[in-house]
Structure formats: C-alpha cells, structure tokens
Amino acid sequence: MIVNIVECFAGVRRAKGLVVVIDVFRSSTVACFLAAGDRGGDYIATNSLDQARKFAKEYGGKVLGELEGVGAEAFDYNNSPFQLDQLDLAGQALVHVTNAGTWGMMHCSEADEVIVGCFVNAAAVVNYIRRQAPETVTLVAMGTNGDMRAQEDMMCAMFIKNELENYPNSIKTLKTFLAGVDSAGKFFDESRTDCPQEDFDLCMDLNRFDFVLKAEPLPGGVRLKKITVSASETA
C-alpha cells in the first residue's frame, strides 16, 4: 500500500485511489458529529451557498456551515460541533457548505473512493483503509480556505499515515501544539460566538466515533453515507 499526503485544492485534483478528505477545524469534524447516533435524515455536502439553499428546499432541510466573507446569519446553523451537539436534529435533512472541506468531498475526480477523516474518527479511517486494502491511499489535508497549509490538517494526515505504517503517535503532544496555531485562534476569540472554545476540544477528541463517511456523488454535491468500522473487521 502506498500512502501519499497532498494539500489544498491542488492536492484534491491529483488525489488517487482511496482518498481521505481531512478538514479538522471544522468541516470533517462537524460531518462526523452530524452522522453520529441514529439521527436519520439526509446529510448532503456542497460547495456553494446557492446550491446549499437549493438542496435545502428540495429536501425540506436546513443549511449549516461557514464561508469566507459570508456572515453567520446566512446559515440556519453554525459550523460548530459543540453547538450542533446541543440541538435536536432528529429526522432533519442537513446541507453542509464550507470553504474547503465540502469542496474537497466533491472534487476528487481521480479517486476510486472518497471518505471523510479527522481526529474524531481516525481509528475508524485506519481500520477501513486496512479492510479495503487499496494499492494507493491519498490523504488530502484541505488547508485554510483550500489554498494555504493548515497545521491541524497536515498533522492529522501524518497521524493517520503513522497509524497505517505502525509508527508512534502522541495526540497529547499534537493537541498542545495545535492549540497555538493561527487557525485555532478563532476558538479562543471571545468575539467569535460561532466558534466556541469547546469546539477545539471536540475537534481533538481522538477516536470519539467508530465510523467513516463515504461520499456518494449527487448533481451539485455529495451525500454522505455512514459506514461503521470495528477493529475486528480489518484484514
């Protein structure tokens, strides 16, 4: 198995094999929180607010996310795992749109399969990859706005690669380091009511969930399908 790490939108376009889209702060993490439990209802990701609103109208759902230059009031729900975890979303169709992560889910045109990964489902991602046993794995660290390295995405990609290759990892060391990077600053900014401090801890809550999310193409977006993976299923 060859495991490659690529970054940002350029990396998405050349990602091959089994592709893992990683956007830790916060698209991939939110995706996992939305899929947790037996919520029911469709979960769809797209790359524009207009398309998100079209899907929401079609499915009778709500729009959540964050976009550069777009105020939080444009969305029904914030792109916050902590805030979403406080809501009763049972049965609701949810449409997710963000600057990088949801775009990445849609545009891996060279991939054989696309799944969503982050720290909260890292072990499930590793177990799923081992079960599938692809020749090539591409870990896509989506970065800030898809055009600049984000340390949390690169560190998560390296964490997953290390696990696949049986190298040691330390989530405690990573959490301490990532609390000080620029992209984490929003969680500690009291003026950002859409980015509660609790989000940082939730984004770093290693192996909280035992599933991966597989992106299934739709015209204008993808539907995310939850696949539960236990260690006993691995090859």
Side-chain angles (χ1 to χ4, degrees), residues 8-9 12-13 15 19-109 111 113-118 120-121 140 142-147 186 192-196 199 202-203 209 211-228:
C8 302
F9 292 157
V12 169
R13 296 185 179 97
V19 175
V20 185
V21 174
I22 300 168
D23 188 340
V24 175
F25 295 162
R26 293 169 288 177
S27 183
S28 297
T29 303
V30 164
C32 291
F33 272 81
L34 292 179
D38 298 316
R39 184 184 62 79
D42 285 299
Y43 170 36
I44 296 168
T46 188
N47 64 344
S48 79
L49 186 56
D50 285 345
Q51 183 61 56
R53 287 170 173 164
K54 289 178 182 178
F55 276 132
K57 183 176 181 180
E58 178 181 354
Y59 287 87
K62 301 289 187 180
V63 175
L64 64 108
E66 63 179 326
L67 293 168
E68 187 74 14
V70 178
E73 66 278 1
F75 305 94
D76 296 303
Y77 303 128
N78 290 327
N79 192 46
S80 164
F82 176 73
Q83 292 177 351
L84 290 165
D85 204 37
Q86 310 306 303
L87 302 174
D88 180 5
L89 301 174
Q92 287 192 37
L94 298 171
V95 187
H96 196 188
V97 56
T98 65
N99 294 300
T102 60
W103 191 99
M105 298 175 201
M106 294 173 58
H107 288 91
C108 297
S109 58
E113 181 176 4
V114 179
I115 64 173
V116 176
C118 48
V120 299
N121 73 335
V140 185
M142 288 304 307
T144 301
N145 297 329
D147 58 16
K186 60 189 176 185
R192 290 290 303 270
T193 57
D194 61 320
C195 297
D199 276 1
L202 292 179
C203 288
F209 302 118
F211 58 80
V212 300
L213 297 173
K214 182 176 180 178
E216 300 181 332
L218 292 173
V222 292
R223 179 181 283 109
L224 277 296
K225 177 184 177 182
K226 183 169 72 171
I227 302 174
T228 300

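Everything numeric in this text was worked out from a predicted model, so none of it was measured. The first residue of the sequence shown is numbered 1, and numbering continues consecutively from there.
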K.L.:
To the closest 0.5 Å, what do you measure between CG (D23) and OG1 (T29)?
P.N.:
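Rounded to the nearest 0.5 Å, the CG-OG1 separation comes to 8.0 Å.
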K.L.:
Of all heavy-atom pairs between V97 and S48, which one has the smallest distance, and what is that distance?
P.N.:
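Closest approach of V97 to S48, heavy atoms only: CG2-N, 3.6 Å.
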K.L.:
For a quick test of reading the model, state the closest non-hydrogen atom pair linking A45 to M105 and the distance between them.
P.N.:
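The answer is CB-SD, 3.7 Å.
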K.L.:
Give, for atom CG of N121 and atom OG1 of T228, the distance between the pair rounded to the nearest 0.5 Å.
P.N.:
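Nearest 0.5 Å value for the CG-OG1 distance: 11.0 Å.
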K.L.:
What is the distance from atom CZ of F75 to atom OG of S80, rounded to the nearest 0.5 Å?
P.N.:
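Result: 13.5 Å between the selected atoms.
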K.L.:
Which atom names give the shortest non-hydrogen contact between V222 and P217, and what distance separates them?
P.N.:
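Heavy atoms of V222 and P217 come nearest at CG1-CA, 4.1 Å.
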K.L.:
For R39, check salt bridge (Lys or Arg N to Asp or Glu O under 4.0 Å) against everything at least two apart and list the hits.
P.N.:
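With sequence neighbours excluded, R39 shows a salt bridge (Lys or Arg N to Asp or Glu O under 4.0 Å) to no residue whatsoever.
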K.L.:
Name the orientation class of the two ring planes belonging to H107 and W103 (parallel below 30°, tilted from 30 to 60°, perpendicular beyond 60°).
P.N.:
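Aromatic pair H107/W103 classed parallel.
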K.L.:
Which heavy atom of M106 sits nearest a heavy atom of G220, and at what distance?
P.N.:
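The answer is CE-O, 3.5 Å.
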K.L.:
For K62, give me all partners under salt bridge (Lys or Arg N to Asp or Glu O under 4.0 Å), at least two apart in sequence or on another chain.
P.N.:
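Once residues adjacent in sequence are excluded, K62 has no partner under the salt bridge (Lys or Arg N to Asp or Glu O under 4.0 Å) criterion.
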K.L.:
Return yes if some donor-acceptor pair links the side-chain N/O of Q86 with the main-chain N/O of F82 below 3.5 Å, else return no.
P.N.:
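Yes: the side chain of Q86 pairs with the backbone of F82.
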K.L.:
Is the backbone N or O of E68 less than 3.5 Å from a side-chain atom of N99, with the two atoms forming a donor-acceptor pair by type?
P.N.:
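Checked: pair present.
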K.L.:
Please report the closest heavy-atom contact between V120 and C203, naming both atoms and the distance.
P.N.:
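Heavy-atom minimum between the residues: CG1-O, 4.1 Å.
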K.L.:
Considering residues at least two apart in sequence or located in another chain, which fulfil the salt bridge (Lys or Arg N to Asp or Glu O under 4.0 Å) criterion with E113?
P.N.:
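By the salt bridge (Lys or Arg N to Asp or Glu O under 4.0 Å) rule, E113 matches K214.
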K.L.:
Under the salt bridge (Lys or Arg N to Asp or Glu O under 4.0 Å) test, which residues partner R13, sequence neighbours left out?
P.N.:
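For R13 there are no salt bridge (Lys or Arg N to Asp or Glu O under 4.0 Å) partners, ignoring immediate neighbours.
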K.L.:
Under 4.5 Å between any side-chain heavy atoms of Y77 and L89, yes or no?
P.N.:
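Touching, per the 4.5 Å side-chain cut-off.
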K.L.:
Can you tell me how far CG of L67 sits from CG of N145, rounded to the nearest 0.5 angstrom?
P.N.:
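N145 atom CG to L67 atom CG measures 9.5 Å (nearest 0.5 Å).
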K.L.:
Quick one: does Y59's side chain get under 4.5 Å of V95's, heavy atoms only?
P.N.:
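Contact flag for Y59/V95 side chains = no.
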K.L.:
Quick one: are D199 and P196 in side-chain contact, heavy atoms under 4.5 Å?
P.N.:
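D199 vs P196: side chains touch.
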K.L.:
Kindly compute the distance separating NZ (K186) from CD (E66), expressed to the nearest 0.5 Å.
P.N.:
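The distance works out to 4.5 Å.
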K.L.:
If the test is side-chain hydrogen bond (donor to acceptor under 3.5 Å, both in side chains), which one of K225, R223, K226, H96 qualifies with Y43?
P.N.:
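Among K225, R223, K226, H96, the one that satisfies the side-chain hydrogen bond (donor to acceptor under 3.5 Å, both in side chains) with Y43 is H96.
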K.L.:
Under the rule for ring pair (Phe, Tyr, Trp, His ring centres under 6.0 Å), what residues qualify as partners of F211, not counting sequence neighbours?
P.N.:
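Ring pair (Phe, Tyr, Trp, His ring centres under 6.0 Å) check on F211 returns F209.
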K.L.:
Could you point out which residue of L94, D76, T98 forms a side chain to side chain contact (heavy atoms under 4.5 Å, CB included) with L64?
P.N.:
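Among the candidates, only L94 passes.
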K.L.:
Would you find a donor on one side and an acceptor on the other, under 3.5 Å apart, between the side chain of S28 and the backbone of V116?
P.N.:
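Not a single qualifying donor-acceptor pair exists.
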K.L.:
Not counting sequence neighbours, which residues clear side chain to side chain donor-acceptor pair (under 3.5 Å) with D147? List them please.
P.N.:
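D147 satisfies side chain to side chain donor-acceptor pair (under 3.5 Å) with no residue once adjacent residues are dropped.
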K.L.:
Would you sort out whether I44 and F55 count as a side chain to side chain contact (heavy atoms under 4.5 Å, CB included), showing the intermediate values?
P.N.:
CA-CA 8 Å; I44 296 168; F55 276 132; 3.9 Å; yes
K.L.:
Roughly how far apart are L34 CG and L87 CG, rounded to 0.5 Å?
P.N.:
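Rounded to the nearest 0.5 Å, the CG-CG separation comes out at 10.0 Å.
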K.L.:
Is there a side-chain contact between K54 and Q51, using heavy atoms and a 4.5 Å cut-off?
P.N.:
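Yes. Closest side-chain heavy atoms under 4.5 Å.
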K.L.:
Minimum heavy-atom separation for C32 to L213, with atom names?
P.N.:
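Residues C32 and L213, closest heavy atoms: N-CD1, 3.9 Å.
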